[in-house]
Amino acid sequence: MASVRMIGTGQLLELSARLRRAGNDNIRASFHRRIRRAAEPLRDDLQGTIRGLAITSEGRKAGKRGGPSPTSRPLRASIAAAIRISVRTGGSPGATVWLDRSRLPDDIPVGLVNRINDGRIRHPVFGNRRRWAQQNAAPLWWDKTVRAHQPRITREVARVVDDVRRRLE
C-alpha cells in the first residue's frame, strides 16, 4: 500500500519558495491549514472504511476446538487510529496520508495492512505455525477510497494554490 501524496511539484515548489521569501507567517499558516483540510476528508473516509470493512472466514469446522481472541483490542480500530496526515510547506511541499506503523500495536505484523488491502489474510491459528487460517476482505479498500477522493483533492489544492498566489502578488 503506497502513501497518498498531494503534490503538484512545479506549482507547490514555486509557491513554497515565494512564501519563504515573503516571510508572512499568517499566509504560510493559512496555506498549511488549508492543505491539511483538503486531506482530512480522505483520512476520515479511510478510517471509516477500515472500521466497517467486513473480514470473513470459513468459520470453524464441525468438531474443531476454538476460543476467544487472544487480544482485547480490535484490529480494524487499531489500523484506523494509525492513519495520519502530514503536511509540508518547505522544500518538498504537499500532504501525505499514510499509515503510521509506529502507532500500530507490536503484535500486528508490518505487512498485515497490505495483505488486508490485497483482500486475503492468511495467518497462523493463535500463533500455531502448523495450523493456518485464511480470512477475506474487500480487496483494494485503500486504493479505491483514494481514487474516489483524488479529483476533489486536486481541485481543492489548485484553489488553495491560486488563492495564496493572489495574496502574494
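Numbering of residues begins at 1 and proceeds along the displayed sequence. Just the heavy atoms: all of them, side chains too, but no hydrogens, waters or symmetry mates, feed the values below.
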In sequence, state the C-alpha distance, the side-chain angles, and the governing distance for R130 and V125, and then conclude on side-chain contact (heavy atoms from CB on, under 4.5 Å).
-> CA-CA 8 Å; R130 287 179 280 166; V125 177; over 6 Å; no

How far apart are the C-alpha atoms of R51 and I79, what are their side-chain angles, what is the distance that settles it, and do they pass the side-chain contact (heavy atoms from CB on, under 4.5 Å) test?
-> CA-CA 8 Å; R51 281 189 182 107; I79 294 171; over 6 Å; no

Begin with the C-alpha distance, continue with both residues' side-chain angles, and end with the deciding distance and a verdict on salt bridge (charged side-chain N to carboxylate O under 4.0 Å, His left out) for D118 and R115.
-> CA-CA 5 Å; D118 293 340; R115 291 195 301 267; over 6 Å; no

For N26 and F31, run side-chain contact (heavy atoms from CB on, under 4.5 Å): C-alpha distance rounded to whole Å, both residues' side-chain angles, the deciding distance at 0.1 Å, then the answer.
-> CA-CA 9 Å; N26 185 24; F31 178 65; over 6 Å; no

Can you list the steps and then say if D162 with R165 is a salt bridge (charged side-chain N to carboxylate O under 4.0 Å, His left out)?
-> CA-CA 5 Å; D162 289 343; R165 184 176 287 134; 3.8 Å; yes

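The shortest side-chain heavy-atom distance between L104 and L99 falls under the 4.5 Å cut-off. When side chains are defined from C-beta on, I50 counts as touching W141, because their heavy atoms get closer than 4.5 Å. When side chains are defined from C-beta on, R103 does not count as touching R101, because their heavy atoms never get closer than 4.5 Å. Residues I108 and P105 form a side-chain contact, since some pair of their non-hydrogen atoms from C-beta on lies under 4.5 Å apart. Inter-residue side-chain proximity for H123 and L112 is flagged as unmet; no heavy-atom pair is nearer than 4.5 Å. Residues E40 and I85 meet the side-chain proximity criterion, which asks for heavy atoms closer than 4.5 Å. For the pair V161 and V157, the minimum side-chain heavy-atom distance is below 4.5 Å. Put simply, the side chain of R34 reaches to within 4.5 Å of the side chain of D163, judged on heavy atoms.
Contact record, R167 with S30: NH1-OG, 3.7 Å, taken as the closest heavy-atom pair. Between R129 and P124, the shortest heavy-atom distance links the atoms NH1-CG, 3.7 Å. Residue R76 comes nearest to L53 through the heavy atom pair NH1-O, 2.5 Å, listed as atom of the first residue, atom of the second, then distance.
Distance check: L42 CG to T145 OG1 gives 7.5 Å after rounding to the nearest 0.5 Å. Note that the OG1 atom of T49 and the CD atom of Q47 stand 10.0 Å from one another [nearest 0.5 Å]. The structure places CD1 of I121 at 4.5 Å from CD1 of I116, a figure rounded to the nearest 0.5 Å. Separating the CG atom in L75 from the CD atom in Q135 is a distance of 9.0 Å, to the nearest 0.5 Å.
Side-chain heavy atoms closer than 4.5 Å link hydrophobic residues (I, L, V, M, F, W, Y) into clusters, and following such links, possibly through other members, connects V113 to I55.
The closest side-chain donor-acceptor pair between T96 and R88 falls under 3.5 angstrom. If you check the side chains of Q134 and N136, you find a donor sitting under 3.5 Å from an acceptor.
Contacts of R84 classified as salt bridge (charged side-chain N to carboxylate O under 4.0 Å, His left out), with partners at least two apart in sequence or in another chain: D100.
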